[in-house]
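The structure under discussion appears below in the form of structure tokens.
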Amino acid sequence: MATLQSFTDWIADYAGVVRDQADYLTDLDRAIGDADHGANMARGMGKVALLTEQEEFTAIDAYLKKVGMSLVSNVGGASGPLYGTFFLRMAGAFTGVEEAGVTEVAAGLRAGVEGILARGKAEVGDKTMYDAWAPALEAFDSAVGSGSDLAAALAAAAEAAAKGRDETEGLVARKGRASYLGERSRGHIDPGATSSTMLLESAARTLA
Ligand code: ADP
Ligand code: MG
């Protein structure tokens with residue numbers, strides 16, 4: 001079961017990952033964007049990781065809500081509002097939940113991804129972070145359907161996200177800054193799909 005502690009561990013883990021991988025994420029964004037994705041994520045998650053030092057949280061939903069609000073206000077560009085909305089919507093799925101099992105986490109991920117969709121209006125194949133999230137959700141739900149526990153379902157979701165991320169390389173961007181490049185966006189992995197996969201890999205390490 002995932003407790004509030006699991007969620008704060010998740011955020012702390014992910015903040016460390018994007019700090020360590022900031023140069024890599026920025027390099028990906030240099031190829032098809034404006035070379036700020038790593039810096040955006042490292043700065044935003046760095047602030048988010050400090051939330052637990054500034055305030056004592058007692059509920060998963062209140063914590064995730066603060067995470068989302070912090071990302072919306074501290075991360076510029078497309079990714080701040082998208083990740084911010086993800087956590088804000090996810091928070092809404094945990095109202096009254098003290099310990100989250102597969103069912104609750106499934107609902108949380110789905111709500112979060114619906115937020116990304118509402119905000120960014122991307123479709124599968126547009127070469128965005130949604131190309132990691134869509135297969136991840138599907139894999140999570142199908143793992144749950146075949147009786148997997150939370151750890152196994154998160155591992156399956158992270159693996160599917162990684163595959164979706166890799167497949168963005170062959171796509172032409174139809175949303176976001178990379179879409180300005182048209183055909184020249186092909187041949188590069190999408191930065192947001194990469195950071196989203198890292199978020200799920202981090203969840204697989206910490207949430208279950
Ligand atoms: P910006 O493009 O404003 O510089 P970032 O570099 O931080 O912002 O983030 C870029 C990432 O945001 C892209 O790699 C892509 O995954 C994601 N993105 C951009 N637009 C959209 C959208 N409409 N829907 C989903 N994801 C998007
Ligand atoms: Mg950018």
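Atoms within each ligand, like the ligands themselves, are counted from 1 in listed order. If you're wondering where the values come from, they're calculated on a predicted model, not measured in any experiment. The residues of the chain are indexed from 1 along the displayed sequence.
- The heavy atom nearest to atom 13 (C) of ligand 1, out of those in D131, D190, T194, is found in D190.
- With hydrophobic clusters built from ILVMFWY side chains whose heavy atoms lie under 4.5 angstrom apart, F57 does not share a cluster with M69.
- Among protein heavy atoms, atom 2 (O) of ligand 1 sits closest to R177 NE, 3.5 Å.
- Note on residues 96-124: pairs passing side-chain hydrogen bond (donor to acceptor under 3.5 Å, both in side chains), not counting sequence neighbours, are R110-D141.
- For the pair R165 and D131, the salt-bridge criterion is not met [side-chain N within less than 4.0 Å of a carboxylate O].
- Of the protein's non-hydrogen atoms, the one nearest atom 20 (N) of ligand 1 is G176 CA, 3.6 Å.
- For atom 7 (O) of ligand 1, the closest heavy atom belonging to the protein is S79 OG, 2.5 Å.
- Remark: D166 does not engage K163 in a salt bridge, criterion side-chain N to carboxylate O under 4.0 Å.
- Checking S202 against D13 by side-chain atom types alone, a donor-acceptor pair falls below 3.5 Å.
- Taking atom 12 (O) of ligand 1 as the reference point, the nearest protein heavy-atom neighbour is A78 CB, 4.1 Å.
- Contacts between D34 and ligand 1, counted as non-hydrogen atom pairs separated by less than 4.0 Å, involve the side chain only.
- S185 and Y180 are not linked by any side-chain donor-acceptor pair at a separation below 3.5 angstrom, with hydrogens and angles left out of the test.
- Distance from atom 5 (P) of ligand 1 to its nearest protein heavy atom, with residue and atom name: H37 ND1, 3.4 Å.
- Looking from atom 23 (N) of ligand 1 to the surrounding protein, the closest heavy atom is G120 O, 2.8 Å.
- S148 contributes atom OG, which lies 10.5 Å from atom CG of L154 (distance to the nearest 0.5 angstrom).
- Between Y63 and F94, the distance from one ring center to the other does not fall under 6.0 angstrom.
- Nearest to atom 21 (C) of ligand 1 by heavy atom, out of D126, L82, I189, is L82.
- For the residues D36, V75, L28, the heavy atom positioned nearest atom 6 (O) of ligand 1 is part of D36.
- No side-chain donor from either of T194 and T197 sits under 3.5 Å from a side-chain acceptor of the other.
- A continuous path of hydrophobic side-chain contacts links L28 to W133 [ILVMFWY only; heavy atoms under 4.5 Å].
- Around the Mg ion (ligand 2), the protein N, O or S atoms found under 2.8 Å comprise D29 OD2, D34 OD1, D36 OD1.
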